[in-house]
Amino acid sequence: MPSTTSIRIDQELYNQAKTDAAIEHRTIAGQVEYWAKVGRTALDNPDLPVSFITEALASLAEPREQSTPFIPRSRQT
């Protein structure tokens, strides 16, 4: 189990995280962590659209057994 650390954040940010967490079925901490991952990835890759980053993070979170392998059209019969 990962270790945890408490931090102080602005009440408005907390309220936004609480609202979005409920919509996305995450904990409030999970929502803030998600935002941090998206923001960090966006800063590391400024040429990528945020929508691409969020979709890529979502695909990485999916269990491998539920994924469909990519097969190029040139190899499909």
Side-chain angles (χ1 to χ4, degrees):
M1 178 179 218
S3 63
T4 61
T5 302
S6 295
I7 61 169
R8 293 178 188 262
I9 62 171
D10 179 75
Q11 186 65 43
E12 184 177 336
L13 180 62
Y14 176 86
N15 292 341
Q16 290 172 343
K18 185 176 180 180
T19 300
D20 286 4
I23 294 167
E24 298 293 330
H25 305 287
R26 295 186 181 106
T27 63
I28 297 168
Q31 185 64 41
V32 173
E33 289 171 3
Y34 174 73
W35 285 342
K37 285 180 188 176
V38 170
R40 189 167 160 199
T41 305
L43 288 171
D44 289 346
N45 301 278
D47 295 333
L48 294 179
V50 174
S51 60
F52 179 85
I53 292 169
T54 57
E55 290 172 12
L57 290 173
S59 70
L60 289 172
E62 290 180 1
R64 293 272 181 195
E65 58 272 1
Q66 292 182 6
S67 64
T68 304
F70 174 76
I71 302 172
R73 289 183 184 171
S74 61
R75 294 188 187 163
Q76 294 177 352
T77 55

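Note: hydrogens, waters and symmetry copies are ignored here, and every other heavy atom, side chains too, is used. Computed from a prediction, not measured in an experiment: that's the story for all the values here.
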Checklist outcome for this item: Between the CG atom in D20 and the NE2 atom in H25, the distance rounded to the nearest 0.5 Å is 12.0 Å

Item to check | Shared hydrophobic cluster, I7 / W35 (ILVMFWY, side-chain heavy atoms < 4.5 Å) | outcome: yes

Checklist entry - Residues in side chain to side chain donor-acceptor pair (under 3.5 Å) with E12, at least two apart? => result none

Item to check | side-chain contact (heavy atoms from CB on, under 4.5 Å) partners for E24, two or more places apart | outcome: R26, Q31

Next on the checklist: Please enumerate all residues that pass side-chain contact (heavy atoms from CB on, under 4.5 Å) together with Q11, with sequence neighbours excluded.
Outcome noted: Y14, N15

Checklist outcome for this item: Looking only at heavy atoms, the pair that brings V32 and A17 closest together is CG2-CB, 3.8 Å

Output a table of donor-acceptor pairs, distance under 3.5 Å, between side-chain atoms of residues 38-55 and any protein atom two or more places apart or on a different chain; print 'none' if there are none.
unit_1	atom_1	unit_2	atom_2	d
T41	OG1	K37	O	2.7
N45	ND2	T41	O	3.0
T54	OG1	V50	O	3.4
T54	OG1	S51	O	2.9

